[in-house]
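Below is one structure, written out as structure tokens; the observations come after it.
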Amino acid sequence: PRLDKLRHYHDHPGFVQPFVDAAVTALDDLPADRRDPAQLIFVTHSIPQGMAADSGRFPGPGGDGHAYVATHRAVAAEVSRRVAAATGRRHPHSLAYCSRSGPAHVPWLEPDVNDHLGALHRAGARAVVVVPIGFVSDHMEVVFDLDTEAAATARRLGLAFARAATPGTDPRFVAMVRDLLLERAAAERAEQPVRTTVGGRRASWDVCPAGCCRNGREPDRPALCGADTLYPVQIAPR
């Protein structure tokens with residue numbers, strides 16, 4: 001059998017809007033006197049800095065390299081913008097990381113969410129909403145790293161803390177998976193499906209271009225799953 005994967009969906013409304021609604025709900029869970037100045041902390045899985053630099057070395061999401069961080073920052077900005085539109089309040093937002101592992105001498109993406117909470121507290125923050133933008137379900141890296149460890153750090157610092165839900169089985173997220181499957185099937189039939197995105201960014205490719213991500217261990221050896229040609233696309237921003 002040939003195995004294919006769906007295109008990147010970080011900028012699809014079926015992924016973005018559930019996080020917007022979850023962040024608004026989490027803000028409402030904060031004490032009323034701390035809700036307006038609350039900060040949004042978007043959290044994703046940390047990876048080695050070398051891997052992050054090698055990600056996406058082809059025109060597309062993130063540009064020439066560093067696509068892992070760039071796509072997370074883009075979706076965090078879009079969610080923040082929509083939260084402001086929904087609540088009438090602009091909340092400062094930032095990106096932090098969790099679940100670091102591996103040898104201590106290997107540099108990973110920072111700041112760790114717990115260190116970031118400390119920095120925000122020292123800067124005068126009084127409340128935070130943690131948005132697990134890098135995760136689609138409430139698995140252990142969310143339940144332990146955020147609901148347990150990060151929440152304990154916030155309590156120790158005296159920060160009001162709430163965590164936004166992941167998309168999970170949200171009907172919009174489930175429908176997105178179905179729609180992307182139909183979109184890919186249409187492309188395989190040599191059709192030109194409409195690619196729905198938000199934030200004004202070009203929809204990602206169906207098959208990663210050759211050289212999209214550099215092989216960090218063997219730079220002259222291409223990464224797997226690359227293709228020399230791309231499907232033409234039509235984009236319908238929404």
Practice task
For the pair Ser46 (side chain) and Leu109 (backbone), establish whether a donor and an acceptor sit closer than 3.5 Å, ignoring hydrogens and angles.
Solution key: yes

Exercise for the section: Take the angle between the ring planes of Phe135 and His139 and call it parallel below 30°, perpendicular above 60°, tilted in between. Expected result: perpendicular

Handout entry: Arg35 side-chain N/O to Asp28 backbone N/O, donor-acceptor pair under 3.5 Å
Key = yes

Practice task
Please determine which of His12, Arg172, Arg82, Glu78 meets the side-chain hydrogen bond (donor to acceptor under 3.5 Å, both in side chains) test together with Gln17.
Solution key: Arg82

Exercise for the section: Would you check if Leu120 and Val128 make a side-chain contact, meaning some heavy-atom pair closer than 4.5 Å? Expected result: yes

Exercise for the section: Using modelled atom types only, decide if a donor and an acceptor are shared between the side chain of Thr71 and the backbone of Tyr68 within a distance under 3.5 Å. Expected result: yes

Problem - Side-chain donor or acceptor of Ser55 paired with backbone N/O of Ala67 under 3.5 Å - result: yes

Handout entry: Single-linkage hydrophobic cluster, 4.5 Å side-chain cutoff, Phe42 and Phe19 together
Key = yes

Problem - Parallel, tilted or perpendicular, as decided by the 30° and 60° cut-offs, for the rings of Phe15 and Phe173 - result: tilted

Problem - side chain to side chain contact (heavy atoms under 4.5 Å, CB included) assessment of Thr166 paired with Val136 - result: CA-CA 5 Å; Thr166 53; Val136 299; 5.8 Å; no

Handout entry: Close side-chain approach of Glu149 and Phe144, heavy atoms under 4.5 Å
Key = yes

Exercise for the section: Please answer: with hydrophobic residues joined when any side-chain heavy atoms are less than 4.5 Å apart, are Val69 and Ile41 in the same cluster? Expected result: no

Exercise for the section: Could you check if a side-chain atom of Tyr97 sits within less than 4.5 angstrom of a side-chain atom of Val43, using non-hydrogen atoms only? Expected result: no

Problem - Min side-chain heavy-atom separation Asp206-Glu183 under 4.5 Å - result: yes

Problem - ILVMFWY cluster, Phe161 and Leu40 together (side-chain gap under 4.5 Å) - result: no

Practice task
With Trp108 as reference, evaluate Arg100, Met51, Gln49 under the side-chain contact (heavy atoms from CB on, under 4.5 Å) test and give the passing residue.
Solution key: Arg100

Problem - Heavy atoms of other groups near Arg89 CZ, more than 12 under 6.0 Å - result: yes

Problem - Hydrophobic cluster identity match, Leu182 and Leu180, side-chain contacts under 4.5 Å - result: no

Handout entry: Check: Val177 and Leu6 side chains under 4.5 Å, non-hydrogen atoms
Key = yes

Problem - Val75 with Val129, same ILVMFWY side-chain cluster at under 4.5 Å - result: yes

Exercise for the section: Any chance you could measure Asp145, atom CG, to His45, atom NE2, to the nearest 0.5 Å? Expected result: 7.5 Å

Problem - Flag, side chain of Arg184 to backbone of Arg7, donor-acceptor distance under 3.5 Å - result: no

Problem - Check against side chain to side chain contact (heavy atoms under 4.5 Å, CB included), Arg202 and Thr197 - result: CA-CA 7 Å; Arg202 184 182 187 276; Thr197 64; over 6 Å; no

Exercise for the section: Under the side chain to side chain contact (heavy atoms under 4.5 Å, CB included) rule, what do Leu27 and His91 come out as? Steps first, then yes or no, please. Expected result: CA-CA 10 Å; Leu27 284 166; His91 297 273; 3.7 Å; yes

Handout entry: Arg195/Asp11 ion pair, N-O < 4.0 Å
Key = no

